[in-house]
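Working notes for the structure below.
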Amino acid sequence: MAEAVHKLRCAHCRSEIAVPESYQHGDHVKCGSCGMRHKVSRGEGTPRLVIADVGPLRDALQANKALTDRLEAELRHARGSFGLGVNGFGIALIYTFVQIFYKDHPIDSALAWEAAGVAIFSGLALEAANFFFLAKRQRLRRLSDEIDEATTEGRTLQQKIREASRL
Ligand SMILES: [Zn+2]
């Protein structure tokens, strides 16, 4: 009579690993695809596979923690400098209006040219500010996404380490 075989998944590369019914709790099984070593965890029902050597997992978790810390520092820094450029342009605009309205400039063609110049300059400045504002927002969003990703990855690693440590 053929022995029952459980088809389980490698905890690392998700390849299928055949585990015969006779395998006991704590027995070692190696993944045929990636070579990752597992221990068999037998409880109620279908046995499960947990990673046997948590050393590489701990290393990965540490690297993950370092990455998360670096990304969070980068995000804080990016948030800290947020809006400085826009404030600068606001001040430049106020300065320009003061020049025109409080310096008693006669209303003539020279002023018209000056006003046009200011309009073009401030228009360009606002366009530039808008560009940097958008670029900054995209950067903030990208950093947040990367942090989410790294945090999820870290949680997965921690869970694998916890499962492996139970055996
Ligand atoms: Zn594998």
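All ligand and atom numbering here is 1-based and tracks the order in the structure. Just so you know, residue 1 is the first one in the sequence shown, and it goes up from there. All values reported here derive from a predicted model rather than from experimental measurement.
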Taking atom CD of Gln158 and atom CZ of Arg155, what is their separation to the nearest 0.5 Å?
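Reported to 0.5 Å precision, the distance equals 8.5 Å.
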
- Message: Check whether His6 reaches the backbone of Ala4 with its side chain - one donor and one acceptor, N or O, closer than 3.5 Å.
- Response: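 Answer holds: no.
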
- Counting only N and O atoms by type, is there a donor-acceptor contact under 3.5 Å from the side chain of Lys160 to the main-chain atoms of Ile51?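 Checked: no pair found.
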
Output field for angle at the Zn ion (ligand 1), Cys13.SG vs Cys10.SG, rounded to 10°, should show 110°

Vertex the Zn ion (ligand 1), ends Cys31/SG and Cys34/SG: angle to nearest 10° comes to 110°

Please say which of Thr152, Asp69, Leu157, Thr151 ends up in a side-chain contact (heavy atoms from CB on, under 4.5 Å) with Asn64.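 Answer to the side-chain contact (heavy atoms from CB on, under 4.5 Å) test with Asn64 among Thr152, Asp69, Leu157, Thr151: Leu157.
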
| request: Specify whether an N/O/S atom of His12 falls short of 2.8 Å from the Zn ion (ligand 1). | output: no

